[in-house]
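To keep things clear, I will list the structure first and then write my remarks on it.
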Amino acid sequence: MTRSIPNISLLVVDDEREFIEIMAQRLNKRGFPVITATEGATALQHLEEGAVDIVILDVAMPGMGGIETLNAIKKRHPLIEVIMLTGQATVTTAVEAIKQGAFNYLKKPCEIDDLIAQVESAMKRRLGRQAKVLEVRMTPYLAPEKRREMIAAILND
């Protein structure tokens, strides 16, 4: 399978160890570098330590749940796109995840090709947003407040 965007690094976060091991293997076979975490706090540590482009995040986890983890990711790393993945999908949770900045929300089990399509779409969005932020940062003669306002608008889009 030829991907439209090569070298997309993923962080898969789920409290079900067997699930993340299988998911990581399947994604690795398709050329994605994958880091895994079984809890939200560990996921946040991974994000601080290295380059991750897209997070695939379970909603229902003990301790720091998926929505709480999503909020922390978006606060600390606003350009990282997050795809929520859960076996307990509800419309309310899906709407909340999207409101909090998730790129999309998928129900487990999902087809690997559907997940990869979402990962690629999320990466395109991330690259577009990065380019816009860079453009604003490079624009001369903008007042600092106006620059912050324009970047915030891009990140909240």
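Quick note: numbers below take in every heavy atom, side chains included, and nothing from hydrogens, waters or symmetry partners. Numbering of residues begins at 1 and proceeds along the displayed sequence.
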Pairwise distance CD(Q100) to CD1(I73) - rounded to 0.5 angstrom: 12.5 Å
Same apolar cluster: I98 and L106, side chain cutoff 4.5 Å: no
Which residues share a side-chain hydrogen bond (donor to acceptor under 3.5 Å, both in side chains) with E135, sequence neighbours left out: none
Partner residues of T42 under the side-chain hydrogen bond (donor to acceptor under 3.5 Å, both in side chains) criterion, sequence neighbours left out: E39
Remaining members of hydrophobic cluster (4.5 Å side-chain criterion), L134: M138
Residue pair C110 / L115: nearest heavy atoms and the distance that separates them: SG-CB, 4.0 Å
Closest non-hydrogen atom pair between P33 and G31, with its separation: CD-O, 3.5 Å
Rounded distance (nearest 0.5 Å) linking atom CD1 of I67 with atom NZ of K99: 11.5 Å
Test log, rule side chain to side chain contact (heavy atoms under 4.5 Å, CB included), inputs D14 and L85: CA-CA 9 Å; D14 195 303; L85 193 62; 5.8 Å; no
Point-to-point distance, once rounded to the nearest 0.5 Å, from CZ of R76 to CG of N71: 11.0 Å
Partners passing side-chain hydrogen bond (donor to acceptor under 3.5 Å, both in side chains) against R129 (at least two apart in sequence or in another chain): E81
Those residues that, when tested against N104, pass side-chain hydrogen bond (donor to acceptor under 3.5 Å, both in side chains) (two or more places apart): Q118
Pairing residues for A72 by the side chain to side chain contact (heavy atoms under 4.5 Å, CB included) criterion, not counting sequence neighbours: L44, M64
Minimal non-hydrogen separation, G66 against L57, with atom names: O-CD2, 3.3 Å
Hydrophobic cluster partners of M150 (side-chain heavy atoms under 4.5 Å): L79, V133, V136, L142, I151, I154, L155
Gap separating the CZ atom of R125 from the CD1 atom of I54, nearest 0.5 angstrom: 10.0 Å
Partners passing salt bridge (Lys or Arg N to Asp or Glu O under 4.0 Å) against E16 (at least two apart in sequence or in another chain): K108
Identify all side-chain donor-acceptor contacts of residues 45-53 below 3.5 Å with residues at least two apart in sequence or on another chain.
| from | atom 1 | to | atom 2 | distance (Å) |
| --- | --- | --- | --- | --- |
| H46 | NE2 | T36 | O | 3.3 |
| E48 | OE2 | H77 | NE2 | 3.0 |
| D53 | OD2 | S9 | N | 2.8 |
| D53 | OD2 | S9 | OG | 3.1 |

Residue pairs, two or more places apart or on separate chains, that pass side chain to side chain donor-acceptor pair (under 3.5 Å) and touch residues 136-147: E145-R148
Heavy-atom neighbours of K74 NZ exceed 12 at 6.0 Å: yes
Donor-acceptor pairs under 3.5 angstrom involving side-chain atoms of residues 17-28: please list them, not counting sequence neighbours.
| from | atom 1 | to | atom 2 | distance (Å) |
| --- | --- | --- | --- | --- |
| N28 | ND2 | F32 | O | 2.7 |

Heavy-atom pair of closest approach, residues Y105 and A97: CD1-CB, 3.9 Å
Shortest non-hydrogen separation from M61 to T38 and the atoms involved: SD-O, 4.5 Å
Residue list, side chain to side chain contact (heavy atoms under 4.5 Å, CB included) with A43, at least two apart or on another chain: L11, V13, A37
